[in-house]
Structures are given as structure tokens and as C-alpha cells.
Number of protein chains: 4
Amino acid sequence: MANSRQQQAIETKNRLLKAAELVFLEHGFQNTTIRLINNKAETGHGTAYVYFKNKEDFLIKIMEDTMEQFTKIASIPFHPATSNEAYELVSNQVKLFLSLAIKKKELMKVFKEAIGVSKEVEARWQDIRDQFTASITKDIMYAQEYKLADSSLSPSLVARLWFYTNEMFMWEVIHESPSNDIEDIIKHMTTIYMKGLYSNPQQ
Amino acid sequence: MANSRQQQAIETKNRLLKAAELVFLEHGFQNTTIRLINNKAETGHGTAYVYFKNKEDFLIKIMEDTMEQFTKIASIPFHPATSNEAYELVSNQVKLFLSLAIKKKELMKVFKEAIGVSKEVEARWQDIRDQFTASITKDIMYAQEYKLADSSLSPSLVARLWFYTNEMFMWEVIHESPSNDIEDIIKHMTTIYMKGLYSNPQQ
Amino acid sequence: MANSRQQQAIETKNRLLKAAELVFLEHGFQNTTIRLINNKAETGHGTAYVYFKNKEDFLIKIMEDTMEQFTKIASIPFHPATSNEAYELVSNQVKLFLSLAIKKKELMKVFKEAIGVSKEVEARWQDIRDQFTASITKDIMYAQEYKLADSSLSPSLVARLWFYTNEMFMWEVIHESPSNDIEDIIKHMTTIYMKGLYSNPQQ
Amino acid sequence: MANSRQQQAIETKNRLLKAAELVFLEHGFQNTTIRLINNKAETGHGTAYVYFKNKEDFLIKIMEDTMEQFTKIASIPFHPATSNEAYELVSNQVKLFLSLAIKKKELMKVFKEAIGVSKEVEARWQDIRDQFTASITKDIMYAQEYKLADSSLSPSLVARLWFYTNEMFMWEVIHESPSNDIEDIIKHMTTIYMKGLYSNPQQ
DNA sequence: TATGAATGAGCTTTCATTCAT
DNA sequence: GATGAATGAAAGCTCATTCAT
């Protein structure tokens, strides 16, 4: 069959990807070498180079696959009728986001390391950030249109601010021993974001 | 004389530090080698090892010296009588913080790179974060005590949130071509932080 | 049909040869790889191996084809009646030889490189040298027979000497910026060869 | 002693050079690796790189040292009073040149290979050629001044021609089984160069 | 205190080559 | 006849680090 060759190639590539993920998890990004990946995949020294340019290439592929699950969360429909409803939707989204990150904890740590080390990975992460903020921007514009949110603020700037907060707490919670309970973090993030610190809550 | 020897040692150390800063600025953190630093300082291959364990050691010393100027901003007295006054004080502090970062732009980029690459530097950066958040925590507690800020929120958690926002926009602005004007960023950060997105400002 | 298969084989071989020449011209001999040739010919990785053992094999085939044009010059009939006539014939032959080399300049450079790098190519070039010197030897013997040339000298040794001179100036002129005008080179070569440096021409 | 360190460095460099020469003689230029040189010199893997950039660097140093002995031959005083005396001087010089080459046979073969393979070595060989031709040029000008040689010919062009002849026969004789006896080669070279092929010797 | 000669670990990378299809 | 997936050999090279002076 003509396809069996292609089939075999795809299988080899997947075996390499699986192996790469294991090696990254075991050794971290900086200590991973192409050699370790080939050893784990039980492929020849040159084989990894047939499919991937370097270890960044491996990581970016794994990162993209993983982050797809995150972007699904970002694209949850956001059409609140009231402030309270908005609060619920936003708070729920944060919860899903942080929970997924905790679930993928070890992998997220590898990504964090790789983002710091490799310009290429960092650029790819910035792309992912841009996807998130684009999605958040739309949500903010919806809320402004329906007079739920302050229309004098720039949606895209606020979107970045909001994503940054999410990202930073995400990096915090994936590390051992979070200083606070996740629910508490979510409550604080959402409250400040939506009501501000100096607004009097009793009113 | 014992003193002249001590004197010489201090001078050598300073010459190495000056050289290290220049090399870091020229080559970035990852591409800097102890050899380059020794060359720039015109000291022997073994000399750097007398004073510094490795290149992280060099960077941490430089980072601490630089961040001292930032902590001065964090420790500006914060005793607002009204919300408006609080807004002014906070907004001014952000402005000083971002302006200083922009002034030290190139060095901050090196720090960012080093934080990503080296666990040791990252840990030291976390210490610096803790200093900032401790200071912010105190300010929040003051505002809560005087009924200016929502007392139901955890001061330390809010402090982290607030510092994270500052930090992320700081990394944003030190890179070329910020998407927005600095004043705009400051206004948005401070507004969301203090009044929230979903509070209606006109009311 | 059996014939169409043969036909196809010949066409593939020719496509590979054409591609090899282009790749050699573009990358030189050492930087040429079988892979590059296959890519240029748009054939599969294994195809080149069906027709050629290695890149030397490609080059030797191309070199033989090219040098055929040179050997035509070597076999121009040489039957001078006088010294002057001999001078004219020899000088004309050199001119044709150098002109052809200049015309094939880029290819000759590749040959030169290949001769230096590969023992196999060098051996093949020695064969070509032998063809030339055999032809020159005959010419010298003719001149000696007709008392035009010094009969005490060994025709084959002189033939080698004469070919070496031609070859070396040939390598010189195919490189950019020859120090002298071609006509001048020809005049000097032929004069020294035929009359010597220390014979007084005016007498 | 302050010098003992320098002394040690010089000794190491010399040990490496000696080792390199042996390895080049044993394996030829292309098959020589820095690793083989380090092994032979019993130095660490990195030591060769302290003193030499790459294997070309090794070879060029060895080539320069060797060729110094050749340039001594080129600079033998040349002040003939008669044609015969000139013949004797020239013929003697060729003899010394070829004899030295034969003595250094194996090394010359390595140089030949290296010249063909490496642009850098080739360029260095061209420098050596230029030294020789400069020296020959002076000799020719002397002969022209004293009316021993044809003044209508360009000294530098003739010098190149003469050196090329010497060089080519040199490469010939360093290879096994020379077709002719060295004395014969010298006689022919010198005769053609000085008297030409078509001058009648009896006159 | 300062030096700098020497070390060696070990990863990356390329490519000719094979062989099942 | 043509293909292309897979292999693996092996050299280059860098740099932190040591230690005798």
C-alpha cells in the first residue's frame, strides 16, 4: 500500500514526540538533549533530525498541542445580562484555566523554563498570549456594549492586564505549596478585576 | 601592607563587576561566559573565580544593586486620606516604577533573560518580589484600616496581584514598541486595581 | 515495453547529470552532496545511487565530456615546414586551449578543486594529461625528424614540460584578474618553449 | 621562575606540532583529525585548540617551517658572467630544489593534498609561489641587464613560467616511479628554459 | 592575591548508504 | 526502475574549572 510508508513515518514522529515529552518531564528543558530523546524513542541518532530541527521544535509542538485545550476555555461564550452573571462567567473561566494548569502542572513547568531559555519558544508563547487577549478583548467589548463595563477603558489594554494576572497566578499555582487556596485566589482576582479594590462593596 | 592588599582586592572585584555588566549588556546572559568577563576586565582566567562562583553570581550582585533603586520607590510613604488621594499616590508610584524600568531598559532585559535561564537568579528575583509585596501589603492594610479599601480581601494576596500586574507591564514596556502609551497603561492599571472594570464610573 | 523502460532510465541518468553540473557550479565540489543533486534533479534519495557510485563518479563523467573538446585541439595536425610555421601552429594551439578554458572557466574551477580533493578524480586527470602529452610527443618527434627541433632532447619529457606550462597558465587564467594579458602569456610561453630565454633573438 | 610557565607552553605547542606532523604523514591531510593529533601528543581534548584554530592551522605552520629551507635555495646569489655560467647556476638551483623536495617527499605529498583541499592552505602556498617568483624575477632582470637574456620578455611572466615548470616536475618526482631520471629532467628543463626547443644547438 | 596552562565531558550535526516497498 | 524512511558513524568545538606557581 502507498500509505504504509507514510503511516510508518507518522508513527515514528509520534513515538519521538511521546519520548520527548517524557524526557522533558524527567530532565527539564535545559538538560534535555536530542540524544536523550532518540534513546528514549529507541530510534537512530539521525532520526530525530528527520522530523525536528532541534529541541525547541519538539517543545513548541508539544506546547501547541497542550495549549489547544486552554484556548478552548478562552472561547467559552460570554454573553452576560447582568454584572453578577458576568462575575460568575469570569470566575468560572478562571477556575477552569487554573485547574487545567494544575492538572498539567509538570508540563507547564517545562514550558515556563523553555520560555525563559529560548527566544523561539518565548515568541511562540507570545502568540498564545495574543490569542487569549484577542478572545478576552471581544468579551470586554461585549460587556461595554451592554453597559456592564466601563466604556472609557481600552478593551485590548484591559484584556492584556487581565491575562497577565491570570498568567502570573497560574505560574504561582503550578509551583509546589501555593500560599493560598485556589478558590481564594480566584475570588480575589475576579473581584479586583471587576469591582476594584477601592470600590465599597457594601454599596 | 595589609590594607593595600585589601584595597587591591576590592578594586579587582569592582573591575570585574563593571566588566561583567558591560559583557552582559553586549551579549545577553546566556551568551556571556566567564572568559569574556575576564577578558573585558583584563584579569587572568582564574581571577574571576576568586570572587565569584559563576556567572549567576555576577548577575545576582548586579541585579541586587540595581533593584535597590526600585525598592526605594516601593517604600514611599502611603497615607492617603481619601480615595482620590490614594489613586494619586498609587498612580504616581506606578509611574516612577515604570519610568525607572525604562531608564534601565537594557539591564532589565538581561535580568529577564537570566531569571528565565537560571533557577538561582529566579529565586533571587522571587526574593525581590517578596520585598515589594511586603511593602504593598502594608499599604493595603493601611487603606483597609481607614475604610478606603475593601476589608474583606486578603492584603497579601491583593499585594501579589498588584505587583504581578506591575511586573508584567514592566516587561512589556522595556521591549521596543509598546502597544500603548505609558500614561495610558498607568491609568488603566490603577483604575482597574482601584475601581474595577464593572463598576460604573459615572455613578 | 522493455524499450520505454530503457528510455526512462537514460532520461533519469541525464537529468541527474544536468543537475549535478548545476550543483557543482553552484556549490563547488566539496560542498556538493548527493542529496543536493537528487533534490535538484527532483529524484528520490536512492535514485542517484542507481546510476552513480558517488559524487566523484558524477564529476568524472562531466569532466570527461568536457575534456573531449580540449583533446580535439590537441589533435590538430602539426606538419610545419619551417621554424616560423611551427611557431605559428604552436602559438595558435595554445590560444585555442586557453580560450576554451576561459569559456569553461567555472567548470574548470570545479575540476581543479575536485582534482585536489579526490584521488580518483586526480587519477582521471592524469589520464587526460597523458593523452595530451602523447599527442604533443608525436608533434615533437615530427619536428625532430624534419630537423626543426633539437633531436638530443627526449620528446616525451619535453611534451610533459610543455603541457605542464600550459596547464599551470590555464589554472592561472581561469581565476579572476590574470596578472597579464592572454596574448602576452601566449607569446612568452611559445617563445621560451621554442627559442629559450638566453638565445639572443636579434642575431 | 617566571619563564617556566612560558617554557611549558612552548613545549606543549612543539609536542603538538611534532605529533601533527606524524599524524599527517601517517593519515594524509583529509583523514587527519584534531582528535588524532591530541591522542598522539598525549594532550587533553581541548589542548590543541589552545594553540591552533584547526588542522589547516597545524599544516600551515609545518608548511611554512619546511618551505623556509626551499626559499634559502631561491635566494642563492645569481651573478653569471656568461651564458654557460648562467646555465650552470640555474641547473644547480633546480637540482637543489628537486633534491630537497625528494628528501621531504612524504611531507610534500601531504602539502599537495592540503593545497587541493583547503582554500586557506592554497592561499598560503600561493604566497610561497610569490616569494619564489619574486626572487626569480630579480635574477632574470640581472641577466637582461647584462645582455645574457632576451630583454624583450617580461621578467615576472617568465619567472612564473619557470617556477611553474619547477613546481610541476617537483610534484612529479615526489611521486613513486618517476618516468625519468632526475638528472635528465634537470637537463631538459634548463635547456628548454634557456635555449628553447627550436634553436639549433649545433650553431 | 592573581595567574593561565591544561583538561575533558559530551552534544550537535551531517550525510552516505541501505533496503523494503 | 524508483523511492524515501531510517540509520549511525564520528568529528568539531566550547567552556567551566582546577591547580601549580
Side-chain angles (χ1 to χ4, degrees), chain A residues 1-13 16 31-38 41-51 53-55, chain B residues 2 4-13 16 31-38 41-51 53-55, chain C residues 2 4-13 16 31-38 41-51 53-55, chain D residues 1-13 16 31-38 41-51 53-55:
Chain A
M1 232 178 304
N3 268 17
S4 84
R5 278 251 267 262
Q6 288 185 331
Q7 199 57 36
Q8 198 190 347
I10 290 168
E11 270 165 33
T12 304
K13 190 171 178 179
L16 281 163
N31 294 326
T32 288
T33 64
I34 297 269
R35 182 158 300 200
L36 283 170
I37 296 174
N38 269 317
E42 295 183 315
T43 45
H45 279 161
T47 309
Y49 290 94
V50 177
Y51 299 100
K53 226 179 67 207
N54 47 38
K55 70 174 172 178
Chain B
S4 85
R5 270 211 158 187
Q6 284 184 336
Q7 198 56 33
Q8 200 193 343
I10 290 169
E11 269 167 33
T12 305
K13 190 172 178 179
L16 280 164
N31 294 328
T32 288
T33 64
I34 296 271
R35 183 160 304 196
L36 282 170
I37 296 174
N38 270 317
E42 294 183 318
T43 46
H45 280 165
T47 308
Y49 290 94
V50 178
Y51 300 101
K53 224 179 67 207
N54 48 37
K55 71 174 171 177
Chain C
S4 86
R5 270 210 161 188
Q6 286 184 335
Q7 197 57 35
Q8 199 193 346
I10 290 168
E11 270 167 32
T12 305
K13 190 173 178 179
L16 280 163
N31 294 328
T32 289
T33 64
I34 296 269
R35 182 160 303 197
L36 282 170
I37 296 173
N38 270 318
E42 295 182 318
T43 45
H45 280 164
T47 309
Y49 290 94
V50 178
Y51 300 101
K53 222 178 69 206
N54 47 37
K55 71 174 172 178
Chain D
M1 233 179 302
N3 268 16
S4 84
R5 278 252 266 265
Q6 288 185 333
Q7 198 57 35
Q8 198 190 346
I10 289 167
E11 270 167 32
T12 305
K13 190 172 178 178
L16 281 163
N31 295 326
T32 288
T33 64
I34 297 268
R35 187 158 300 197
L36 283 170
I37 296 174
N38 269 318
E42 294 184 314
T43 45
H45 278 162
T47 309
Y49 290 96
V50 176
Y51 299 101
K53 226 178 67 207
N54 48 38
K55 70 175 172 179

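Note that the structure is predicted; figures quoted are calculated from it, not measured. Sequence lines set the chain letters: A, B, ... in the order given, protein chains first and strands last, and positions in each chain run from 1.
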Rounded distance (Å) that lies between atom P of E:dC19 and atom CD of A:Gln8: 15 Å
Integer-rounded Å distance: F:dT7 C1' and A:Glu42 CD: 15 Å
Residue D:Tyr51, side-chain atoms from C-beta onward, closest of F:dA2, E:dA6, E:dA20: E:dA6
Approximate separation, where rounding is to 0.5 Å, of B:Gln7 CD and B:Thr12 OG1: 10.0 Å
Atom pairs, protein N/O to nucleotides 14-17 of chain F N/O, distance under 3.5 Å:
residue, atom, partner, partner atom, Å
F:dA16, N6, B:Arg35, NH2, 3.2

For A:Thr47, side chain to side chain donor-acceptor pair (under 3.5 Å) partners two or more places apart: none
Watson-Crick or G-U stems involving DNA chain F, each at least 3 pairs long, distances under 3.5 Å, ordered by first number: E:2-21 with F:2-21
Sub-4.5 Å side-chain heavy-atom contact between B:Tyr49 and B:Ile34: yes
Test side-chain contact (heavy atoms from CB on, under 4.5 Å) applied to C:Asn31 - qualifying residues, sequence neighbours left out: C:His27
Short side-chain N/O contact to F:dA6 OP1/OP2 from A:Thr47, under 4.0 Å: no
Separation of atom CG in D:Asn38 from atom P in E:dA9, rounded to whole Å: 13 Å
Rounded distance (nearest 0.5 Å) linking atom CZ of B:Arg35 with atom CD1 of B:Ile37: 12.5 Å
Contact check, side chains of C:Asn38 and C:Leu16, non-hydrogen atoms, under 4.5 Å: yes
Qualifying residues under side chain to side chain donor-acceptor pair (under 3.5 Å), relative to D:Thr32, sequence neighbours excluded: none
Separation of E:dT12 C1' from A:Ile37 CD1 (nearest whole Å): 13 Å
Whole-Å gap separating P (E:dG4) and NZ (D:Lys13): 17 Å
Nearest-Å distance for atom pair CD/P, residues C:Gln7 and F:dA2: 12 Å
Atom-pair distance (CZ on A:Arg5; P on E:dA20), nearest Å: 12 Å
Proximity to the side chain of D:Thr12 - top-ranked nucleotide from E:dA6, E:dA20, E:dT7: E:dA6
